[in-house]
**Q** 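Take this structure, written in structure tokens, and hold onto it; I'll ask about it next.
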Amino acid sequence: MEKWFEKEGKDQDVVIASRIRLSRNIAGHRFPCTMEDEENEQFSKEIIERLSGLSTITEHRYQNCRLDRLSLTERMALSERAVINKSMALKKQPVSAVIAEDESIGIIINGDDHVRIQSSIAGNNLSGAWMIANRIDDYINEKYEYAFDEQYGYLTTFPTNMGTGMKAYMILHLPYLSAQGKFSGLIAQMSRFGVQLKGVVGSGDNNHGSLFVAYNQSTLGQSEEDKIEKLNNICGQLIRQEQTLRERGCTQYANEYRDQAYKAYGLLKYARMLSLKDALVHLSLIRTAAYQGLIEIENPNYLYDLMIGSLPNHIHLLLGNQNNMNASGSAKELKKEEKEAENDRLMEMRASFVRDHLPAIS
Amino acid sequence: MLCDKCKKNEATITLTETVNGEVNEYNLCGSCAAETQWGQIFEPEFLSQILTGMLGAAAKQFYEPKEEAYDKIICPVCHTGYNDFVKNSRFGCPECYQTFGILMKKSIRDLQGSDHHVGKHPKYQNIATQNMTADLTMAPAGKQDGNEDTNSSVLSDESFEFAKSELGAEAMQDNQESAKKSKLKTGELTQNEIGESEASIKELLALYRSRLQEALAEEDYDAAAYYRDEIKKLS
């Protein structure tokens, strides 16, 4: 099944995806963190049963799954794909999820909150993602009365979500802008306007591949539409600046950038061992060049898929490792030799994965 | 720079060791650093204590008067105590908003930049329970299946009085705040502003501090270490 991020949307060269997340709780019930396991399990079952008509309103097919019954590696892989968040991947209590076949919609039940609705859409289209999440929200509200307060809005487990319970995210590919010296100052300025920007893969210089996520920090005191408009406004400027920089660079140094992209392609096509950094940096180079028309690639958006697929837990799954982590989600302690051998296996598997899936040059 | 130990990962942590006056410096990646004898400082337990400490400190700052009285406040529905609430920074049930909300008023505004919801209201709500009233003297809305004795709230009369007087003072502040805010709102982010002017170190520090908190909350210790180092560099 084609995943949602394999489709094309507006400003696809810079904006990988737009995403809306809504946190909701049902009136008259304790929040999941204070529920007994038995109560939790019963309540999850009831919610899933009552939401069985979901496919009639979004035209997706859904799958139910018990997250706490998956291996930690599988859950961490889901969090690498941002279907669930990390705290839910690590949760030991029962957590259920209803996930659309293309993963564009995910509803987590009894995670941090009773219901967490997430809707993702390719390209620059926050309003589209909001429309879908909003519709699902109403559908659930038809079945259940929400915990809502005139002053504090939707009541959520964490005070950081109260109010609209909405976080809007835009996933951005900013290879040129993030290489500018002023980038960290720009991030600080955005935060003054309540918009946070951080690396998808790591912080600072460790964010290989230049993928970033921008999102609203606060959830109280501004309507959903206003928040989305503000994020659109600020991200819009980032997008234009990135596009301008790319345009300028690729006109002035077209030959150099084309050469760089083809070399990157050659490296990925033939490498036998790939570190995460190598994979991400080169995929990012090719993705940028492809959208600037310097290298002809079928479906360049698919390169994002490869970037996500190169992340450690995805590779562990390909290797059939289900137990590479301890309960806190960090790598298990291994002896030095074991660790090196494991690292080599990972790099080999990553190289073979990228080789097999790299889209053809047309 | 590659890690001195495994020579594979990017070094993110610089370890300076002084033995008998001799200074050695090592550049290590997160996973190698965790293996060293100093690695324990990256252990989750240690960091979560710092986080709790920060929240506790924040709480003290806000609630200094009659602090002991707050220790005894317990949500009548889910039995989350005030100390648990501060420690985990999370509410245990909808009723907790009534129990702790009034004490949290200032920190909520610090956190959210506002203290009143604007935006979507649930479409399909039962009218009877829609206004979970802010009137403290009223018993909590009895929709928790009636299995909890609503009179068991541990809020003493004393703290009621305190809460009420705080409410009055804050309401006045609110008006001034919202007037300020509407002015701010008109200052849109311009191309020039975002591209040209340099953010001050103070701003960066504030940003990194909030990032550090966030990383700790998400238990992302690599990021936490990174922001901690950045803060050190700047301050």
Side-chain angles (χ1 to χ4, degrees), chain A residues 25 27-31 33-34 86-87 90 134 138 141-142 145-153 155-160 162-164 182 184-194 198 202-206 218-224 233-234 237 241 275 277 328-331 333 343, chain B residues 6 8 10 12 31 35 44 77-80 88-94 97 101 104 108 111-126 129-132 134 143-145 188-189 191 193-195 197-199 203-204 207 210-211 215 218-223 226-227 230:
Chain A
N25 285 289
H29 288 266
R30 298 174 186 196
F31 294 156
C33 57
T34 54
K86 200 174 163 196
S87 78
L90 297 174
N134 194 13
D138 287 341
N141 188 208
E142 267 180 62
E145 190 181 319
Y146 280 139
F148 183 84
D149 177 87
E150 282 300 319
Q151 175 168 14
Y152 296 126
L155 304 180
T156 56
T157 302
F158 291 104
T160 44
M162 67 166 75
T164 57
K182 283 176 183 165
S184 64
L186 204 131
I187 294 179
Q189 284 190 6
M190 285 171 68
S191 107
R192 205 168 59 197
F193 287 86
K198 63 177 190 181
S203 318
D205 292 339
N206 277 332
S218 66
T219 50
L220 193 65
Q222 242 184 336
S223 71
E224 291 83 351
N233 180 358
I234 289 175
Q237 296 183 43
Q241 289 194 35
S275 68
K277 182 184 173 186
S328 64
S330 49
E333 284 201 20
N343 210 359
Chain B
C6 66
K8 276 181 184 159
E10 197 71 26
T12 53
S31 55
E35 282 174 8
V77 172
C78 67
H79 308 295
T80 298
N88 301 321
S89 179
R90 64 182 185 198
F91 296 101
C93 69
Y97 277 81
M104 284 291 292
I108 285 174
L111 184 74
Q112 293 276 8
S114 164
D115 57 10
H116 208 281
H117 173 59
V118 180
K120 188 175 176 179
H121 282 52
K123 272 187 197 156
Y124 308 94
Q125 265 332 54
N126 183 346
T129 49
Q130 197 167 35
N131 291 320
M132 275 177 62
K143 60 186 163 58
Q144 266 77 21
D145 300 331
E188 287 290 309
L189 192 56
Q191 181 89 12
E193 257 184 299
I194 202 166
S197 78
E198 293 281 347
E203 256 173 34
L204 262 181
L207 171 74
S210 74
R211 286 289 164 81
E218 286 170 9
E219 303 196 357
D220 184 350
Y221 299 111
D222 283 341
Y226 169 79
Y227 287 117
E230 291 296 307

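Order of the sequence lines sets the chain letters (A, B, ...), proteins ahead of strands, with each chain counted from 1. Side chains are part of it too, since the values below use all heavy atoms of this structure and drop only hydrogens, waters and symmetry mates.
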**Q** Is it the side chain or the backbone of Thr164(A) that comes within 4.5 Å of chain B heavy atoms, both, or neither?
**A**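 Both backbone and side chain.
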**Q** Measuring from atom OH of Tyr226(B) to atom CZ of Arg211(B), what distance do you get when rounded to the nearest 0.5 angstrom?
**A**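 So the gap between those two atoms works out to 9.5 Å.
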**Q** Quick check: are there more than 12 heavy atoms from other residues, nucleotides or ligands sitting under 6.0 Å from NZ of Lys198(A)?
**A**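 Atom NZ in Lys198(A) is crowded, with more than 12 foreign heavy atoms closer than 6.0 Å.
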**Q** Could you have a look at Pro159(A), Cys33(A), Gly153(A) and say which one has the most heavy-atom pairs with chain B under 4.5 angstrom?
**A**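 The option with the most such pairs is Pro159(A).
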**Q** Measure distances from Ser87(A) to the heavy atoms of chain B and classify the residue's part below 4.5 Å as side chain, backbone, both or neither.
**A**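 Neither part.
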**Q** Less than 4.5 Å to any heavy atom of chain B: does that hold for the side chain of Asp138(A), its backbone, both, or neither?
**A**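 Asp138(A) touches chain B through backbone and side-chain heavy atoms alike.
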**Q** Distance from Arg192(A) atom CZ to Ile187(A) atom CD1, nearest 0.5 Å?
**A**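 One gets 14.5 Å once the value is rounded to the nearest 0.5 Å.
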**Q** When only pairs under 4.5 Å are counted, which of Thr34(A), Thr157(A), Asp205(A) shares the most heavy-atom pairs with chain B?
**A**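 Highest number of heavy-atom pairs under 4.5 Å: Thr157(A).
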**Q** So what's closer than 4.5 Å to chain B heavy atoms on Asn343(A): side chain, backbone, both or neither?
**A**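 Contact with chain B is through the side chain of Asn343(A) alone.
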**Q** For the candidates Ser275(A), Ser191(A), Gly204(A), which exhibits the highest count of non-hydrogen atom pairs separated by less than 4.5 Å from chain B?
**A**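 Most heavy-atom pairs within the cutoff with chain B belong to Gly204(A).
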**Q** How many angstroms lie between atom CZ of Phe31(A) and atom CZ of Phe158(A), to the nearest 0.5 angstrom?
**A**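 It is 11.0 Å, given to the nearest 0.5 Å.
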**Q** Does the side chain of Asn233(A) come within less than 4.5 Å of Phe193(A)'s, by heavy atoms?
**A**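 They are not in side-chain contact.
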**Q** With a 4.5 Å cut-off on heavy-atom pairs, point out which of Gly194(A), Ser203(A), Ser218(A) contacts chain B the most.
**A**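 Sorted descending by pairs with chain B, the first entry is Ser203(A).
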**Q** Using 0.5 Å steps for rounding, measure from the CG atom of Asp115(B) to the NE2 atom of His117(B).
**A**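 Nearest 0.5 Å value for the CG-NE2 distance: 13.0 Å.
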